[in-house]
Structure formats: structure tokens, C-alpha cells
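Worksheet: one structure, shown below.
Scope of the values below: all heavy atoms of this structure, side chains included, with no hydrogens, waters or symmetry mates. Proteins come first, then strands; the chains are lettered A, B, ... in the order of their sequence lines, and each starts at number 1.
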Amino acid sequence: MLAHSIKRSSCYSFNSILRTLLKSGNFEKALHHFVQFRDQGFLPDNYTIPSLLKLLHDLHQPLHYRENIHSFAIKNGYLKDIFVTTGFVEMYFSFGCVASSRQLFDETPIKDVVLWTAMVSGFSHNGSGDLAVNFFSQMVGEGVKPNRITLTSVLAACSQLMVPNLGRSVHGFSIRNGIFSSDVLLETAFVDMEMIYENLREPESSILASLLQVCGGTSDLRHGREIHGHVTRSCRNMNSYMMVENNALIDMYAKAGDLNSAVLLFENVKNKNLVTWTTMISGYGMHGLGTEAAEAFNAMKKTGIIPDGVTFIALLSACSHGRLVDEGLQLYISMQRDYKIEPDMKHFACMVDIYARSGLLDQAFSFIKKMPVEPSEFIWASLLSSCRTYKNVVLGEQAAIKALAFNQYNTRVYILLSQLYADSGQWEDFSKVRLVMKDLGLKPTTAQSWVEVERKIYIFTVRDNMNPYSEKMYKLLETLTETMHKEGFVAYRSSGCHDITKEEKEHYKKSWIKRPVIFGWKSPY
DNA sequence: ATAGGGTTAG
């Protein structure tokens, strides 16, 4: 009895100290403290576990260690404590293990606002904005009242999904329920531009930045330029926060395809900070200008600005788009050796892409296998994409299986895999994939693109015949193709689902009858 | 009475 109470009180003070050390960022001391505690024969209690998970996160420890803590927590019945459950939910989300988080959530009988919020933000961070919004409405439906943190998370998901109306209704909801968040500004960003001119008040930098983000993302140069004009007119040049507007404008021009304007503005900006440089590097990169990106990086270093993790993401992705394998590897090494930056999932994804886009699929795969953390769904899907380009069915299948283990409903993965099969003439496998999609209720989506000409937006798709200019456009394409041939270029022609010959169609119809019941591949693991 | 969810212009 006495021993028990001593242990309990020791746990109490241990937990307090651990928490304090973590808060002040003394991770090494915190680890030392934990090791001492453990060596004295004490075991973590339910109060310790959330802190312990945070410690392992801060020390970049692999998933494996945390799974041990998960087993430990299960054995001791600590998952009855919602604080512990929430910790694990958050931890699995951070490793991209969405299914594990979801399972934990489902197994929790009584869910509070924090657990619900962890789900909303977890989905949002893993690129599932739709599920984030879905869980938010479930939560409201079950009578759990969201707070400002929940709203911040769900609004982030709304803006990710580009659904301003949903954002507006969330905003309306928060007003009706008396919940206010400074981040509802995010939603305001979607309010129509003309409204800004009618508004007496000067729009916040953050609103302008969000609007520019939308302009960049939709290649809406016209609105982007209008905002630029607005910023220039609104005598805020003397203010320091002009930095935010300029950086957002440079990014917008680069993303909307007008690299010249981006460079022009960049060169005219007097005080460039790390974000300005990184934006320009990333702009060059997305236009395939690896050399210019590298030059900008060198120029930045000369000014004494120290790059951070995001700068290296921009550089590595420039290498991947410019097929610069050796340069990418050198940067990846230098980042860790010279700047002490720990690579995270995004850097890993860039490295995989650098190898894979250059056709070095085996090197991409061995890089994945050597990663210290569980590769994300995105990494597998991007490997699959390159497997399709280079027609590597064996590796492509493995990548697809891995990606689908994260999310069974990833339409893009099925499409890529079926195209890979089609390109390789494996029509039976092609139809198998399409049937699995059909069983799951997934529809192949046709990619759309659009262009704005004289205030009118023209949307078009592959083999589009609906456009009144279709005939003219295809004639022009023919001329272009001819010119390319004359110049010595050979067009790569995909034999994807649009290009099925008569025999292949017959074959496809036949195999349609043989409905596979389950997903027909075995995991290589 | 010690713990869990969000936050950046790139």
C-alpha cells in the first residue's frame, strides 16, 4: 500500500518534470530524465504517455518505438483514458497511418471535442479534406460543440477543398454559436474581389495573401494582377508588412504561369527575406529551370541568409523537375551536413521523385526502403506514377498496393495502375482494376484544364469535342506535331484507356464477365 | 490538478 503510493507520487513528480523539460525544448534532458525514471523501475502511467509520445516525436524516433508504447498502453488499460487515445490518434496521423487513427477513434465509446478535432485536423493534414469536413459534420450531428481550434482545423480543410460555400457555412455556424476564431479570416478570403473595393477598410495582409493563393492555384492571372494593382495603389509601401504581400505576389505569378512577372517583381523587391528567396527558387523549379534555381540559392547564401527545411524542399523539387539527380543528392547531403536540417517526409518524397522521374526506379525504391519513417501514401503514389511512365509493372504493383493500404478509395492510384497495365498490354489486369473500381463505386475522373481568354473561362478535357473551337484546335495540334517530327522529336503515345483497339475492346468485354471477387494481388511484404 | 487537438508569405 505504502510502496504503491510512493510510486504514484513519484510518477506525479516525474510527469511534472518531464512536461516542464519538454515545454522548454530540452529534449535531451527530457530523455535522460525518462531513462533515469525507467531505470529506477518505474513504469509510465496514463499521464506520462502523451508526454512520452511528444518526446519521441521531438527526437524524431521511428514509429516502431511508439507502437511499443501503444502495446504497453493497451496491456495496462490506459486506452480507457481519452487523453491517451488522442495522443495515439495524433501520433498515427503524423505518420500518415490514417487507418490506425480511424480505428482507435472508432473503438472509443465516448468522444470529446478534442478527439473529434484531432480527427478533423489529422484528415486535413493527410490531404483528406473531404473526410475532415465529413467528421466535422458528424461531430456537430452528435451534439458535440466545436470550439475555435476545431473551426480553425475545419476551415483549413475547406480551403484545401476550394469550397468557399462550405467555408461560409462554417463561418455562419460559428457566428450563430458564438464561436469566433481569428482564422475565419481564411474564409473571408474567398469573398468576391469587388467586395474589397467597396470595403472601406483596408483588407488585411492575410486576406490578400489567401486571395493570391487562390489566384495562383487556379492560374487566375487576371484577378492576381488586380490584387497587385490594389496593393501598389494602397500606399502601404512604407510598412514592413509589404513583405508578406510581395512574397505572396511573387508566388502567385510563378504559380499562375507568368514567371517573367515573378522575376521582375523579385528583382525589384529591396528587402528579400528567406521566404522571398525560397519562393523564387520554388518558382524556377516548377518551371523546370533547375540551373536558375541553383543560381538563386547561391545568390541567397551570399547575402548571408541561412536556408531552412522549406528552402531545401524547393531546391530538391527543382532538381526533380529538371532531372538533376546528382545535384539533388548533393543538396540532400549538404542540407544535413552543413545546415543540420533533419529531413522530413517532404524531403524524402522529393528524393524518391528525383530518382523515379529520371527513370532510376530501383534507386527510388531502395531509398524508400532505407527511410527512417513509414513512407506516406503520397510517396507510393508518386513512385507508381513514374512506374507508369517507365512501364515498370512489377514495382508499380507494389507501389499501388502500398498506397491503397493507406486509402482504399484513392482513385488516382487505380487509374495510374490501370494505365500502367494498358501501356504494357496487360488487358486482363487492366479490366481487373477497373472492376475493383466499379465495385468500390469509384469513377474514373477526366482531368480538366482551363484557360481564360477575354474574361471568359474555357474548360477543356482530353479528346474534347464539345468546344466550338475544337476543330481548329486539333488542326493546330496536327501542325505542331508535324513541326515536332520535322525537328526530330518523337511523341510518346500512351495506350491508356482512351486508345483501345477493336480487339482489345473485345477482350475487355470478355473479361468483364469474369468478375474478380477480391483485389487480386499479393503484397510483396 | 501533471496530460490531448491549430497557428506562418515560401
Side-chain angles (χ1 to χ4, degrees), chain A residues 8-20 22-23 44-55 57 78 81-91 93-94 101 104-105 108 111-125 132 135-136 139 144 146-157 181-183 185-186 204-213 216 241-252 254-255 262 266 269 272-286 296 300 305 307-315 317 346:
Chain A
R8 272 189 71 97
S9 72
S10 296
C11 250
Y12 172 91
S13 52
F14 161 75
N15 289 335
S16 307
I17 296 167
L18 182 64
R19 178 82 198 127
T20 315
L22 282 174
K23 248 188 181 165
D45 66 3
N46 51 324
Y47 286 91
T48 321
I49 287 169
S51 298
L52 203 51
L53 288 175
K54 193 184 180 309
L55 176 62
H57 177 83
Y78 290 152
D81 185 332
I82 199 160
F83 282 69
V84 174
T85 309
T86 311
F88 284 114
V89 162
E90 208 256 321
M91 182 274 281
F93 268 129
S94 74
S101 295
L104 270 172
F105 176 84
T108 309
K111 295 137 175 133
D112 68 1
V113 60
V114 181
L115 181 56
W116 277 105
T117 306
M119 295 306 287
V120 173
S121 87
F123 282 128
S124 182
H125 285 149
F135 269 66
F136 175 77
M139 165 187 179
V144 179
N147 58 26
R148 45 183 300 158
I149 296 177
T150 321
L151 288 166
T152 309
S153 307
V154 76
L155 284 173
S181 159
S182 63
D183 290 272
L185 289 175
L186 202 70
E204 300 276 337
S205 312
S206 63
I207 294 183
L208 287 175
S210 299
L211 279 167
L212 287 167
Q213 250 179 29
Y241 54 76
M242 191 67 184
M243 181 76 92
V244 174
E245 281 88 340
N246 278 331
N247 292 343
L249 279 166
I250 294 167
D251 189 50
M252 180 278 294
K255 288 205 171 96
F266 172 79
V269 169
K272 300 178 177 71
N273 69 1
L274 177 61
V275 177
T276 322
W277 285 101
T278 304
T279 307
M280 201 58 249
I281 291 169
S282 124
Y284 281 129
M286 60 182 76
M300 182 191 93
I305 292 174
D308 70 0
V310 186
T311 316
F312 279 97
I313 291 170
L315 284 163
S317 92
K346 283 191 172 152

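- One donor-acceptor pair, N or O on each side, does fall under 3.5 Å between the base of B:dG10 and the side chain of A:Thr311.
- In this structure, A:Ile49 places its CD1 atom 19 Å from P of B:dT2, rounding to the nearest Å.
- The phosphate of B:dT7 (OP1 or OP2) has a side-chain N or O of A:His125 nearer than 4.0 angstrom.
- The side chain of A:Arg19 places an N or O atom within less than 4.0 Å of a non-bridging phosphate oxygen (OP1 or OP2) of B:dA3.
- A donor-acceptor contact under 3.5 Å is formed by the side chain of A:Asn273 with the base of B:dA9.
- Closest approach to the A:Thr278 side chain among B:dG10, B:dG5, B:dG4 is made by B:dG10 (side chain taken as heavy atoms from C-beta onward).
- Checking B:dG6, B:dG5, B:dG10 against the side-chain heavy atoms of A:Asp251 singles out B:dG10 as nearest.
- OP1 or OP2 of B:dG6 sits under 4.0 Å from a side-chain N or O of A:Ser121.
- Under the 30°/60° scheme for interplanar angles, the aromatic rings of A:Phe123 and A:Phe135 are found to be tilted.
- Of the inter-residue distances, the one linking A:His57 atom NE2 with A:Leu22 atom CG reads 11.5 Å to the nearest 0.5 angstrom.
- The aromatic ring of A:Phe83 is stacked on the base of B:dA3, with the two ring centres less than 5.5 Å apart and the planes inclined by under 30°.
- Rounded to an integer number of Å, the gap from CG of A:Leu249 to C1' of B:dG10 is 13 Å.
- Summarising the geometry, the separation between OH on A:Tyr47 and C1' on B:dG4 is reported as 12 Å, rounded to the nearest angstrom.
- Here the C1' atom of nucleotide B:dA9 and the CZ atom of A:Phe266 are 14 Å apart, to the nearest Å.
- Counting to the nearest Å, the P atom of B:dA9 and the CG atom of A:Asp308 are 14 Å from each other.
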